[in-house]
*Asks:* 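Mind looking over this structure? Questions follow.
Just so we're clear, the structure is a prediction, and the values are computed from it rather than from any experiment.
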Amino acid sequence: MAIDEAVFRDALGQLASGVAVISARVDGEDHGFTATSFTSLSLDPMLVLVCVVKAQRSHLQLEQAGHYAVSVLGGAQRELGLRFAVEEPGQRFAGVAVSRAATGAPILQGSIAWVDCRIREIVPGGDHSIFIGEVLAAGVQASDDALIYHNRQWGRFRADE
């Protein structure tokens, strides 16, 4: 029995997820995009994954870079998340404060957590690829306020609510 694509999207949209900016540095230029398809994979070894549409420019950039950093956004960073989702790719980092991971990937200042990864494996997954990253470094800024995405809406999760 075939499932209607809109129903499939609506069903999966009910799963709230954190919002992260995936970034890499290729040929001296920073590249990044907003993703909700980021998650941990393994503790031993420390692995994470992000799913990227094969047709996106970011897919090729990650392949070329061989690394990526993940900046997990806090509740007050909604505009930053939107910027990396809709702004023209060449303008996404304009005026944005970053630090550099060991791989050279940009890490967004003010993120509530970050990881720096070397791409270990790229696994096909339908119209996406799964980029498995081996974590080389990580950092956390204690926060009880995370940016979330649910049912095509941006919102905040506060631990005290």
Side-chain angles (χ1 to χ4, degrees), residues 8-26 29-53 56-59 61-62 65 67-120 125 128-161:
F8 179 66
R9 282 178 170 256
D10 288 345
L12 296 182
Q14 297 308 307
L15 178 62
S17 64
V19 179
V21 170
I22 311 302
S23 60
R25 189 158 181 86
V26 181
E29 290 187 30
D30 293 334
H31 302 278
F33 61 96
T34 299
T36 57
S37 61
F38 165 74
T39 192
S40 62
L41 177 60
S42 170
L43 285 174
D44 187 16
M46 292 182 202
L47 302 173
V48 295
L49 66 82
V50 63
C51 301
V52 182
V53 176
Q56 281 185 335
R57 177 181 310 140
S58 300
H59 189 283
Q61 291 164 341
L62 288 183
H67 67 265
Y68 61 89
V70 181
S71 298
V72 180
L73 302 184
Q77 294 180 300
R78 181 178 188 268
E79 294 306 315
L80 197 55
L82 286 169
R83 176 184 203 152
F84 280 85
V86 300
E87 186 70 46
E88 286 297 318
Q91 299 300 311
R92 292 179 180 171
F93 282 96
V96 175
V98 300
S99 59
R100 293 280 164 203
T103 60
I107 298 169
L108 304 182
Q109 292 293 310
S111 300
I112 60 174
W114 61 271
V115 294
D116 184 31
C117 309
R118 176 180 56 234
I119 295 174
R120 184 173 183 165
H128 285 62
S129 290
I130 303 160
F131 285 79
I132 298 173
E134 179 180 358
V135 178
L136 304 175
V140 178
Q141 180 175 330
S143 176
D144 60 358
D145 186 15
L147 184 61
I148 61 166
Y149 187 74
H150 172 259
N151 200 21
R152 297 186 186 100
Q153 305 273 335
W154 298 71
R156 294 173 93 157
F157 170 80
R158 293 190 188 128
D160 61 340
E161 293 183 355

*Asks:* Nearest 0.5 Å, please: how far is CG in Leu12 from OG in Ser37?
*Replies:*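 That separation rounds to 12.0 Å.
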*Asks:* What's the separation between atom NE2 in His59 and atom SG in Cys51, rounded to the nearest 0.5 Å?
*Replies:*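 These two atoms lie 10.0 Å from each other.
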*Asks:* Check Arg100 with Asp116, please: is the shortest side-chain N to carboxylate O separation under 4.0 Å?
*Replies:*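 Salt bridge absent between Asp116 and Arg100.
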*Asks:* Can any side-chain N or O of Gln91 pair as donor or acceptor with the backbone N or O of Glu88 at less than 3.5 Å?
*Replies:*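 No.
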*Asks:* Side chain of Thr36, backbone of Ser17: donor and acceptor closer than 3.5 Å?
*Replies:*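 No, the answer is negative, given that no donor and acceptor are paired below the 3.5 Å cut-off.
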*Asks:* Out of curiosity, Trp154 CH2 to Leu82 CG, how far, rounded to the nearest 0.5 Å?
*Replies:*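 The CG atom of Leu82 is 4.5 Å from CH2 of Trp154, to the nearest 0.5 Å.
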*Asks:* Within the 3.5 Å criterion, strictly below it, is a donor on Ser111 or Gln141 matched to an acceptor on the partner's side chain?
*Replies:*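 No pair is found: no donor N or O on one side chain lies under 3.5 Å from an acceptor on the other.
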*Asks:* Does Arg57, at its CZ atom, have more than 12 non-hydrogen atoms belonging to other residues, nucleotides or ligands within less than 6.0 Å?
*Replies:*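 No.
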*Asks:* How close do Gly104 and Arg25 get, counting heavy atoms only, and between which atoms?
*Replies:*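 What the structure gives for the nearest pair is O-CD, 3.4 Å.
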*Asks:* Counting only N and O atoms by type, is there a donor-acceptor contact under 3.5 Å from the side chain of Thr34 to the main-chain atoms of Gly81?
*Replies:*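 Yes, the answer is positive, given that a donor and an acceptor are paired below the 3.5 Å cut-off.
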*Asks:* Please give me the minimum heavy-atom distance between Pro106 and Ser71, naming the atom from each residue.
*Replies:*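 Minimum heavy-atom contact is O-OG, 4.5 Å.
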*Asks:* Looking only at heavy atoms, what is the nearest atom pair of Ala35 and Val50, with distance?
*Replies:*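 Scanning both residues completely, I find the closest heavy atoms to be CB-CG2, 4.1 Å.
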*Asks:* Measure from the side-chain N and O atoms of Ser143 to the backbone N and O of Ile112, and report whether any donor-acceptor pair falls under 3.5 Å.
*Replies:*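 Flag not set: sc Ser143 to bb Ile112 has no pair under 3.5 Å.
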*Asks:* Counting only heavy atoms not in Glu29, do more than 12 fall under 6.0 Å of its CD?
*Replies:*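 Not more than 12 within 6.0 Å, no.
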*Asks:* If you round to the nearest 0.5 Å, how far is CE of Met46 from SG of Cys117?
*Replies:*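 Going from SG on Cys117 over to CE on Met46, the span is 11.5 Å.
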*Asks:* For Leu108 and Phe93: C-alpha separation, side-chain torsions, deciding distance, then whether side chain to side chain contact (heavy atoms under 4.5 Å, CB included) applies.
*Replies:* CA-CA 9 Å; Leu108 304 182; Phe93 282 96; 3.9 Å; yes
*Asks:* If the threshold is 4.0 Å, N to carboxylate O, is there a salt bridge linking Arg156 and Asp144?
*Replies:*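 No, no charged N to carboxylate O under 4.0 Å.
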*Asks:* Supply the atom-to-atom distance Gln109 CD to Ile107 CD1, rounded to the nearest 0.5 angstrom.
*Replies:*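 Nearest 0.5 Å value for the CD-CD1 distance: 8.5 Å.
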*Asks:* Check whether any side-chain N or O of Tyr68 sits under 3.5 Å from a backbone N or O of Leu62 as a donor-acceptor pair, and report yes or no.
*Replies:*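 No: the side chain of Tyr68 does not pair with the backbone of Leu62.
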*Asks:* Any non-hydrogen side-chain atom of Thr39 less than 4.5 Å from a side-chain atom of Leu41?
*Replies:*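 Thr39 does not reach Leu41 side chain to side chain.
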*Asks:* Would Glu87 and Arg92 pass as an ion pair if we require N to O under 4.0 Å?
*Replies:*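 No, this pair does not count.
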*Asks:* After noting the C-alpha distance and the side-chain angles of Val96 and Val98, does the key distance pass the side chain to side chain contact (heavy atoms under 4.5 Å, CB included) rule?
*Replies:* CA-CA 6 Å; Val96 175; Val98 300; 4.3 Å; yes
*Asks:* Under the side chain to side chain contact (heavy atoms under 4.5 Å, CB included) rule, what do Thr103 and Leu136 come out as? Steps first, then yes or no, please.
*Replies:* CA-CA 9 Å; Thr103 60; Leu136 304 175; 3.6 Å; yes
*Asks:* Below 4.5 Å, heavy atoms only, C-beta onward: do Val115 and Phe38 meet side chain to side chain?
*Replies:*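 In contact.
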*Asks:* Within a radius of less than 6.0 Å around CZ of Arg152, do more than 12 heavy atoms belonging to other residues, nucleotides or ligands occur?
*Replies:*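 Result for CZ/Arg152: enclosed.
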*Asks:* How long is the span from the OH atom in Tyr149 to the CZ atom in Arg78, to the nearest 0.5 Å?
*Replies:*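 Between atom OH of Tyr149 and atom CZ of Arg78 there are 11.0 Å.
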*Asks:* Kindly give the heavy-atom pair with the smallest separation between Val26 and Gln61, and that separation in Å.
*Replies:*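 Residues Val26 and Gln61, closest heavy atoms: CG2-O, 3.4 Å.
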